[in-house]
> 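Questions regarding the structure given below will be posed in turn.
Residue numbers run from 1 in the order of the sequence given.
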Amino acid sequence: FERTVMRLEKLTEMDRLLRLNNMLALLVRAERIPPEARRHLLTLYDFGTTDEFKFIIINRVGQSIEDLLYHFGVPFNARTVHHIAAESLRAIREVHAVGFLLRNVRPADFHIGLSPFGEKNLYIGSYNRVFNQTSISNGKPKKPREHVCYPYAPLYASRARLREEEMSVRDDYESW
């Protein structure tokens, strides 16, 4: 547990608790697939509830891509950009493989960290807006909603999100 972090939310803060529950659902489902097929997802070590809080313990990751851009003050070179693009697309694909959408893909969501094998790796470190695409009861895709309001910044928004339509896998790629 030397490279772990605990995230906790008060049981009274329903919006934040829902986000934590969605993140937990994604990570629990990701644990069912082999480690080599989920290289870009955080590792869930433990989770639970106290009288006041719900918590999860996950692996710690480093700075986000956005933070690194501001930290160095110069753009990445072409090789680095290509590497980040390829790895981030693989990461998004892993989230989709476990039945979730990110819905808010942006540079601040991708973090550099050490993999279990000791090499640097790109992780999706923020799951604040993940959405389970499948029904819990039968595992089939959920029916699209008629009107959806997305309360987050439009800078990385897909066309469907700007039109307040239900988002799909395509929208994660389009917004990135």
Side-chain angles (χ1 to χ4, degrees), residues 1-71 80 83-142 152 156 167 169 172-173 175-176:
F1 290 117
E2 62 196 42
R3 293 185 181 150
T4 60
V5 64
M6 179 185 286
R7 179 173 171 187
L8 53 97
E9 300 294 348
K10 287 185 176 181
L11 294 175
T12 56
E13 296 181 16
M14 296 312 291
D15 184 48
R16 296 178 66 89
L17 192 60
L18 178 64
R19 291 181 194 173
L20 186 69
N21 286 338
N22 285 340
M23 180 178 181
L24 179 60
L26 182 146
L27 295 175
V28 166
R29 194 177 298 171
E31 291 293 318
R32 298 179 193 154
I33 60 176
E36 60 274 4
R38 56 180 163 88
R39 290 191 46 216
H40 302 89
L41 302 178
L42 297 176
T43 303
L44 177 67
Y45 291 103
D46 198 8
F47 62 93
T49 307
T50 67
D51 293 339
E52 296 180 43
F53 298 99
K54 185 167 194 170
F55 68 90
I56 60 172
I57 299 174
I58 52 178
N59 57 315
R60 185 176 62 189
V61 292
Q63 291 182 307
S64 72
I65 300 299
E66 187 174 64
D67 292 340
L68 291 172
L69 278 170
Y70 288 124
H71 177 74
T80 303
H83 180 72
I84 290 171
E87 291 298 308
S88 60
L89 288 175
R90 286 186 194 105
I92 293 169
R93 198 173 296 133
E94 288 177 14
V95 170
H96 295 162
V98 294
F100 283 78
L101 293 175
L102 288 168
R103 298 193 307 175
N104 193 25
V105 184
R106 54 202 171 104
D109 295 339
F110 294 96
H111 297 261
I112 303 297
L114 290 178
S115 75
F117 310 108
E119 72 234 11
K120 287 185 181 177
N121 193 23
L122 186 74
Y123 287 96
I124 295 181
S126 176
Y127 303 96
N128 286 333
R129 298 290 180 187
V130 295
F131 177 72
N132 189 351
Q133 302 182 91
T134 56
S135 173
I136 295 171
S137 60
N138 60 15
K140 294 184 179 178
K142 292 180 180 177
Y152 22 92
Y156 299 102
M167 292 177 66
V169 169
D172 277 352
Y173 293 116
S175 64
W176 180 232

> CG/Leu122 to NE2/His83 distance, rounded to the nearest 0.5 angstrom?
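Between Leu122 CG and His83 NE2, I get 7.0 Å after rounding to 0.5 Å.
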> What residues form a side chain to side chain donor-acceptor pair (under 3.5 Å) with Glu94, not counting sequence neighbours?
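Side chain to side chain donor-acceptor pair (under 3.5 Å) list for Glu94, sorted by chain: His40.
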> I need the minimum non-hydrogen distance between Leu41 and Ala30, along with the two atoms involved.
CD1-CB, 3.7 Å
> To the nearest 0.5 Å, what is the distance between OG on Ser64 and CD1 on Ile124?
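One gets 13.0 Å once the value is rounded to the nearest 0.5 Å.
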> So, the side chain of Arg7 versus the backbone of Leu20: is there a donor-acceptor pair under 3.5 Å, distance only?
no
> I need the minimum non-hydrogen distance between Gly99 and Arg29, along with the two atoms involved.
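Of all heavy-atom pairs spanning Gly99 and Arg29, the closest is CA-NH1, 3.8 Å.
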> Who passes side-chain contact (heavy atoms from CB on, under 4.5 Å) against Leu18, sequence neighbours left out?
Asn22
> Let me confirm one number: the CG-NE2 distance from Leu42 to His111, rounded to the nearest 0.5 Å.
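It is 8.0 Å, given to the nearest 0.5 Å.
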> What residues, two or more places apart in sequence or in another chain, satisfy ring pair (Phe, Tyr, Trp, His ring centres under 6.0 Å) together with Tyr173?
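Ring pair (Phe, Tyr, Trp, His ring centres under 6.0 Å) check on Tyr173 returns His96.
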> Would one find more than 12 heavy atoms of other residues, nucleotides or ligands at under 6.0 Å from atom CD of Glu36?
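Atom CD in Glu36 is packed in, count exceeds 12.
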> Any sub-3.5 Å donor-acceptor pair from Asn59's side-chain atoms to Thr43's backbone N or O?
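Answer holds: yes.
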> With rounding to the nearest 0.5 Å, note down the distance linking CD1 in Ile65 to CD1 in Ile84.
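The CD1 atom of Ile84 is 4.0 Å from CD1 of Ile65, to the nearest 0.5 Å.
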> Residues in side chain to side chain donor-acceptor pair (under 3.5 Å) with Asp15, at least two apart?
Arg19
> Arg93: which residues meet the side chain to side chain donor-acceptor pair (under 3.5 Å) condition with it, sequence neighbours left out?
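With neighbours one apart ignored, the set is empty.
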> Closer than 3.5 angstrom, by distance alone: can the side chain of Arg16 be matched with the main-chain N or O of Glu9 as a donor-acceptor pair?
no
> So, using side-chain contact (heavy atoms from CB on, under 4.5 Å) as the criterion, who are the partners of Leu44 when residues are at least two apart?
Leu24, Leu27, Val28, Glu31, Phe47, Ile56, Ile58
> Assess whether side-chain contact (heavy atoms from CB on, under 4.5 Å) is satisfied between Ile92 and Phe110, documenting all intermediate values.
CA-CA 10 Å; Ile92 293 169; Phe110 294 96; 4.1 Å; yes
> Residues in side-chain contact (heavy atoms from CB on, under 4.5 Å) with Ala25, at least two apart?
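side-chain contact (heavy atoms from CB on, under 4.5 Å) check on Ala25 returns Phe100.
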> Going by side-chain contact (heavy atoms from CB on, under 4.5 Å), name the residues that satisfy it together with Leu11, two or more places apart in sequence or in a different chain.
Leu17, Thr49, Lys54
